Amino acid sequence: ERQSIDNEVQIGNFEIREISSFGVNSQLGLPTKKWGGIPILKDIPFLSDVPLIGWFHYQGGRSAVAQESIIFVQTAIYPTLGDLVNLVGVSK
């Protein structure tokens, strides 16, 4: 999705400033799920990871995805030729 920002900022020469920041969780994380298994044996720690003994059904989890957008601005103000001429004091 495309978004636009219209912002007016006062900033000095060669100064860096943060204009905007935005953070969002685009996908929630889900844990791994295991269910089923032989009732007494699935409670034993080293047997709980063995298929058919510790679990019958397995659903893999997924990682969370976070996105962050930060906009910085830096200015560079250069004098024009007219400004340089006026600075030197050359007149017509």
Side-chain angles (χ1 to χ4, degrees):
E1 182 176 329
R2 181 173 228 168
Q3 299 179 6
S4 64
I5 297 173
D6 187 14
N7 205 351
E8 292 184 23
V9 177
Q10 291 183 353
I11 188 169
N13 195 19
F14 295 112
E15 183 181 350
I16 298 175
R17 182 171 292 177
E18 179 182 333
I19 300 294
S20 175
S21 65
F22 177 74
V24 64
N25 290 327
S26 61
Q27 179 178 333
L28 294 176
L30 295 175
T32 301
K33 294 181 184 178
K34 297 178 186 177
W35 62 94
I38 301 173
I40 296 173
L41 297 177
K42 72 177 183 179
D43 297 329
I44 300 172
F46 61 90
L47 290 179
S48 64
D49 293 329
V50 178
L52 300 177
I53 296 174
W55 51 270
F56 294 137
H57 299 284
Y58 176 83
Q59 182 178 13
R62 65 178 186 206
S63 300
V65 177
Q67 296 176 339
E68 186 173 7
S69 174
I70 301 173
I71 300 172
F72 290 98
V73 67
Q74 180 181 15
T75 58
I77 302 170
Y78 298 105
T80 63
L81 187 57
D83 292 335
L84 293 175
V85 169
N86 290 336
L87 183 64
V88 174
V90 176
S91 61
K92 296 180 181 180

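Predicted model only: the values in this text are computed from it and were never measured. Note that the numbering runs from 1 along the sequence shown for the chain.
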Kindly work out whether a path of hydrophobic side-chain contacts (I/L/V/M/F/W/Y, heavy atoms less than 4.5 Å apart) joins [X] to [Y].
X	Y	result
I71	V9	yes
I38	I44	yes
F46	V50	yes
Y78	L87	no

_Closest approach of Q27 to S63 (non-hydrogen atoms, all atoms of both residues)_ = NE2-O, 3.6 Å

*What are the two closest non-hydrogen atoms of N25 and A66, and how far apart are they?*
OD1-CB, 3.6 Å

*Could you list who else is in F22's hydrophobic cluster, with ILVMFWY side chains joined at under 4.5 Å, directly or through other members?*
V24

_Side-chain heavy atoms under 4.5 Å apart, restricted to Ile/Leu/Val/Met/Phe/Trp/Tyr: what other residues fall into the cluster of I16, or is it alone?_
I70, F72

*asked:* Please determine whether the number of non-hydrogen atoms from other residues, nucleotides or ligands lying under 6.0 Å from atom CD1 of I77 exceeds 12.
replied: yes

*side chain to side chain donor-acceptor pair (under 3.5 Å) with E18: which residues, sequence neighbours excluded?*
S21

*Only counting residues at least two apart or in another chain, list the ones meeting side chain to side chain donor-acceptor pair (under 3.5 Å) with E15.*
R17

*Under the salt bridge (charged side-chain N to carboxylate O under 4.0 Å, His left out) rule, what pairs show up with a residue in residues 27-40, not counting sequence neighbours?*
K34-D49

*asked:* Under the rule for side chain to side chain contact (heavy atoms under 4.5 Å, CB included), what residues qualify as partners of L84, not counting sequence neighbours?
replied: P79

